[in-house]
> 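I am attaching a structure below and will ask some questions about it afterwards.
Only this structure's heavy atoms are used, side chains among them; waters, hydrogens and symmetry mates stay out. Since we're looking at a predicted model, the values are computed, not measured. In the text below, chain A, chain B and the rest are named by the order of the sequence lines, each starting its count at 1.
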Number of protein chains: 2
Amino acid sequence: MAMFDWKGESAELVVLSLLADGPQYGYAISKDVALRSEGQLRLTPGVLYPLLKALETQGLIISEWEAVRSERSAGEGEGRRRKWYKLSAKGRKRLDQRIHSHRAFRRIIDTFIGEPGREETSR
Amino acid sequence: MAMFDWKGESAELVVLSLLADGPQYGYAISKDVALRSEGQLRLTPGVLYPLLKALETQGLIISEWEAVRSERSAGEGEGRRRKWYKLSAKGRKRLDQRIHSHRAFRRIIDTFIGEPGREETSR
DNA sequence: ACCGATATATCTGAAAACGATATATTGTCC
DNA sequence: GGACAATATATCGTTTTCAGATATATCGGT
């Protein structure tokens, strides 16, 4: 069980954020999320792949297959395949929008839980 | 359409937070949420009442009926009824826990979206 | 008398979540 | 060389969640 209940929205935000740092393939994304959250967030296959598919359908990310060849299998068969994803311009816009929306939502929640809230210095 | 996708967790956090300020009845809670969020968060009946029911089942909140009598109807019928909810000790604990969890989750998200994060000064 | 607001509650169709399952390759240890 | 864990992608199917619609009734103002 994941440490936090984190749903669609947040998963999208996290994946788009990761891809903003450069192209990644699915499995690496799931490992990265676990690593960078110190195991507290998990992006399981059943969540990750449908999400990536949805993001691509919306044109937010673009995929490309990589044929990973091992010396061992050189010459035969298909070898392992990786599907790399990169952020599209549209995805970049969506990310900015999601970050903005996340901050706004957070500010509202703060008014309920009585969080002091930081001064709006920059931006 | 609600301005934000805010789901179960957050709704629970908000409701428990509101009840921490004192007892409230359902309809007032929904109005309060809309007011305090400047219309950006909505707790519709289809979400609110099942949530309150679930919170009560878990023993986090305690309900009590109030018979609201108008002069007009004095003496007859049932009159309007309000169901007041107050936070239980268990609910108070859950709220603290949820706030803590919310902050932890937020910190993790910050590492992904590249938020500077405030110094851990107090606490 | 009517209408909009107050007040609580469920129903239901759709969407989302996620563990389980499927399939195949690769690296490592003995 | 054989077994096993890790890498890699993907779907399936059950359960849960969501939120609009619906139901019912009272109250306040005009």
> Return whichever of B:R81 or B:G46 has its heavy-atom-nearest nucleotide of DNA chain C closer to the 5' end.
B:R81
> Between atom NZ in A:K53 and atom P in C:dA17, what is the gap in whole Å?
16 Å
> Round to a whole Å and report the spacing from CD1 of A:I29 to P of D:dT7.
15 Å
> So does B:D110 pair up with A:R103, basic N to acidic O under 4.0 Å?
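So B:D110 does not pair with A:R103 through a salt bridge.
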> Counting side-chain heavy atoms from C-beta on, which of C:dG19, D:dT11, C:dT26 comes nearest to A:T44?
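The answer is C:dG19.
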> If you only use heavy atoms from C-beta on, which nucleotide in C:dA9, D:dA10, D:dG20 is closest to the side chain of B:R42?
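Closest nucleotide to the B:R42 side chain: D:dG20.
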> Just N and O in the side chain of A:Y49: are any of them under 4.0 Å from OP1 or OP2 of D:dT9?
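Yes, such a contact exists.
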> Does OP1 or OP2 of C:dT6 have a side-chain N or O of B:R80 closer than 4.0 Å?
no
> Is the closest basic N to carboxylate O distance between A:R36 and A:D21 below 4.0 Å?
yes
> Tell me: CD of A:E66 to C1' of D:dT7, nearest whole Å?
13 Å
> In whole Å, what is the span from the CG atom of B:L51 to the C1' atom of C:dT10?
15 Å
> With a 4.0 Å cut-off on heavy atoms, is B:W84 in touch with a base, just the backbone sugar-phosphate, or nothing at all?
nothing
> Are any of the side-chain nitrogens in B:D96 or B:R92 under 4.0 Å away from the carboxylate oxygens of its partner?
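A salt bridge is present here (some side-chain N lies under 4.0 Å from a carboxylate O).
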> Is any side-chain N or O of B:K31 closer than 4.0 Å to OP1 or OP2 of C:dA5?
no
> Measure CZ/B:R82 against C1'/D:dC27 and give the value in whole Å, please.
10 Å
> Can you tell me the distance, in whole Å, between the CD atom of A:E64 and the P atom of D:dA8?
17 Å
> Heavy atoms from C-beta onward define the side chain here; which of C:dA5, C:dA9, D:dT9 lies closest to that of B:Y27?
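Within the option list, the nearest is C:dA5.
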> Is it true that A:R98 and A:E12 have a side-chain N and a carboxylate O under 4.0 angstrom from each other?
yes
> For B:L48 and C:dT8, what is the distance between atoms CG and C1' respectively, to the nearest whole Å?
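Result: 9 Å.
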> Where the side chain of B:K83 is concerned, which of D:dA19, C:dA20, C:dT8 is the nearest nucleotide?
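Out of D:dA19, C:dA20, C:dT8, the nucleotide with an atom closest to B:K83's side chain is C:dT8.
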> Against A:V15, only a single residue in A:L87, A:L55, A:D32 fulfils side chain to side chain contact (heavy atoms under 4.5 Å, CB included); can you say which?
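Among the candidates, only A:L55 passes.
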> Where the side chain of A:P50 is defined as all heavy atoms beyond and including C-beta, which of D:dT9, D:dT11, C:dA7 is the nearest nucleotide?
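It is D:dT11.
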> Can you tell me how far P of C:dA16 sits from CG of A:L55, to the nearest Å?
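So the two atoms are 12 Å apart, to the nearest Å.
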